[in-house]
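See structure below.
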Amino acid sequence: MTPPVVLAVAGTDSGGAAGLAADLATVGHLGCHAACAVTAVTAQDTTGVHAIHAVPVTAVAQQVDAVVGDLPVAVVKTGMLGTPDVVRLVADRLGHLPVVVDPVLAATSGAALGDDVVAAAYVDHLLPAALVATPNLDEARTLAGRDAPAPELAARLADLGCAVVLTGGAEWRPGALTATCTDWLCEPGGTATALRHPAVATTADHGTGCTYASALAARIAHGEALADAARTAAAYVSARLADSSGWRLGRGRGPVSHLSPTIQEEPA
Ligand SMILES: Nc1ncnc2c1ncn2[C@@H]1O[C@H](COP(=O)(O)OP(=O)(O)OP(=O)(O)O)[C@@H](O)[C@H]1O
Ligand SMILES: Cc1ncc(CO)c(N)n1
């Protein structure tokens, strides 16, 4: 059967963990065809981001126009956009489609991938046009312009007009034997609800945010309702983290697995 098309608008990670490497693999594994528009080229590995080269906005526009002029894009997924001009471009040219926005402002290593001007462009232009945004706690604080508990931040950002899944990493809850991850889902005008799942014990988690948002986009492209898609995406990330938890790759935070989930091992 012809698969739905997901357009990923994002940057590259030379280490193959985050950015388009995660997007294309995840979207394909979840049964969609992935098209892409490259916004930035990063020299990046498990230890950090060493250089960023922004793709000119005219070149991003040409890629976007080529894709939407030819392919029936069901869902757009955005990752690192890098400049306010590219954020505006996505809002202007793709805002009529369902857009899953991962408002990338920093890498797992802490390196800045978007500054305050980029954050302001998200708030003013892209989040009001988006279907759903998937900030982590730091990104949510920056976008909301203040600190607050995660459910309040999710609700405040949802007031901009898009649903929000505020994602969280592993945390120990009092009395629990294992760590838990809590993501907060909030629809515009609603209150945030907690989506909890057991945390996978691993430091190989570079690329989780991109993988999550791409899985969410792919499930939405298949017609799944947002809350169900959010649970499926979290389960997908957990399975990928479990797959790579024993790997020893790189000197920093290793990559989350993007191996095909159906291939268990090499033939003898
Ligand atoms: N150790 C873990 N085990 C299971 N799920 C996890 C773990 N860490 C994060 N997740 C899940 O991964 C998804 C992405 O969330 P996360 O907060 O890691 O994104 P992020 O901070 O944007 O990622 P990145 O560091 O790649 O930018 C969420 O559903 C979150 O709950
Ligand atoms: C290119 C790119 N996009 C997104 C992230 C966020 O993890 C990253 N580290 N690199």
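Basis for what follows: all heavy atoms, side chains included, without hydrogens, waters or symmetry-related copies. Each ligand, and each atom within it, is numbered from 1 in the order the structure gives.
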**OP:** May I ask you to check whether R196 and T182 show a side-chain donor-acceptor distance below 3.5 Å?
**Re:** yes

Subject >> Nearest heavy-atom neighbours spanning A10 and D23 >> reply: CB-OD2, 3.4 Å

**OP:** May I ask you to check whether over 12 heavy atoms, not counting those of R146, lie within 6.0 Å of atom CZ?
**Re:** yes

Subject >> N or O contact, G168 vs ligand 1, cut-off under 3.5 Å >> reply: yes

Subject >> Element-labelled atoms of ligand 1 that are located less than 4.0 Å from some non-hydrogen atom of S238 >> reply: 4 (C), 5 (N)

Original post:
Is it true that R141 and D138 make a salt bridge, defined as a side-chain N closer than 4.0 Å to a carboxylate O?
Top reply: yes

Subject >> A213 versus V100, closest heavy-atom pair with distance >> reply: O-CG1, 3.8 Å

Original post:
Has D228 got more than 12 heavy atoms of other residues, nucleotides or ligands less than 6.0 Å from its CG?
Top reply: yes

**OP:** May I ask you to identify the nearest protein heavy atom to atom 17 (O) of ligand 1, giving residue, atom name and distance to one decimal place in Å?
**Re:** T167 OG1, 3.0 Å

**OP:** Can you figure out which of G11, A18, G79 has its heavy atom closest to atom 7 (O) of ligand 2?
**Re:** A18

**OP:** Show which atoms of ligand 2 fall inside a sub-4.0 Å distance from at least one heavy-atom site of V104.
**Re:** 4 (C)

Original post:
Does some non-hydrogen atom of G207 fall short of 4.0 Å from ligand 1?
Top reply: yes

Subject >> Nearest-contact summary for atom 29 (O) of ligand 1 - protein heavy atom, Å >> reply: D183 OD2, 2.7 Å

Original post:
Using heavy atoms and a threshold below 4.0 Å, how should the contact between T208 and ligand 1 be classified: side chain, backbone, both, or neither?
Top reply: both

Original post:
Between atom CH2 of W184 and atom CG of L195, what is the distance when rounded to the nearest 0.5 Å?
Top reply: 9.0 Å

Original post:
Taking only heavy atoms of Y212, which atoms of ligand 1 are found under 4.0 Å from at least one of them?
Top reply: 13 (C), 14 (C), 29 (O)

**OP:** Just jot down the ligand 1 atoms closer than 4.0 angstrom to any heavy atom of V237, in number order.
**Re:** 12 (O)

Original post:
Relative to the heavy atoms of H206, which atoms of ligand 2 are at a distance of less than 4.0 Å?
Top reply: 9 (N)

**OP:** Closest by any non-hydrogen atom to atom 3 (N) of ligand 2: pick that one out of G82, G19, G48.
**Re:** G19

Original post:
So which heavy atom in the protein is nearest atom 25 (O) of ligand 1, and how far is it from that ligand atom?
Top reply: T108 OG1, 2.7 Å

Original post:
How far is atom 23 (O) of ligand 1 from its nearest protein heavy atom, and which residue and atom is that?
Top reply: G209 N, 3.0 Å

**OP:** Could you check atom 1 (C) of ligand 2 against the protein and tell me its nearest heavy-atom contact, residue, atom and distance included?
**Re:** T12 O, 3.3 Å

Original post:
Roughly how far, to the nearest 0.5 Å, is SG of C162 from CG of L157?
Top reply: 7.5 Å

Subject >> Shortest protein heavy-atom distance from atom 6 (C) of ligand 1, along with the residue and atom involved >> reply: C181 SG, 3.4 Å

**OP:** Could you tell me which atoms of ligand 2, counted from 1 in the order shown, lie closer than 4.0 angstrom to a heavy atom of L113?
**Re:** 5 (C), 8 (C), 9 (N), 10 (N)

Original post:
How many angstroms lie between OG1 in T46 and CG in L249, if you round to the nearest 0.5 Å?
Top reply: 8.5 Å

Subject >> Close N or O approach (Q44, ligand 2; < 3.5 Å) >> reply: yes

Original post:
Which protein non-hydrogen atom lies closest to atom 2 (C) of ligand 1, naming both residue and atom, and how far is it?
Top reply: L241 CD1, 3.4 Å

**OP:** Report yes or no: does C210 have a heavy atom closer than 4.0 Å to ligand 2?
**Re:** yes

Subject >> Electrostatic pair D159:R156 at N-O distance under 4.0 angstrom >> reply: no

**OP:** Could you say whether the N/O atoms of A234 and ligand 1 ever approach to under 3.5 Å?
**Re:** no

Original post:
Looking only at distance, does H206 have an N or O less than 3.5 Å from an N or O of ligand 1?
Top reply: no

Subject >> Shortest protein contact, atom 3 (N) of ligand 1 (heavy atom only) >> reply: V200 N, 2.8 Å

Original post:
Taking N or O atoms only and a 3.5 Å limit, does D205 qualify as a polar contact for ligand 1?
Top reply: no

Original post:
Rounded to the nearest 0.5 Å, what separation is found between the CH2 atom of W172 and the OG1 atom of T178?
Top reply: 6.5 Å

Original post:
Which atoms form the tightest heavy-atom contact between A233 and Y212, and what is the distance?
Top reply: CB-CE1, 3.6 Å

Original post:
Is there side-chain contact between Q44 and T12, with at least one heavy-atom pair below 4.5 Å?
Top reply: no

Subject >> Distance filter under 4.0 Å to N136 heavy atoms, resulting ligand 1 atoms >> reply: 20 (P), 21 (O), 22 (O)

Subject >> Inter-residue atom distance L24.CG - H258.NE2, 0.5 Å rounding >> reply: 10.0 Å

Original post:
When rounded to the nearest 0.5 angstrom, what distance separates CG in L113 from OG1 in T42?
Top reply: 7.5 Å

Subject >> Closest approach of any protein heavy atom to atom 5 (N) of ligand 1, naming residue and atom >> reply: H197 NE2, 3.1 Å

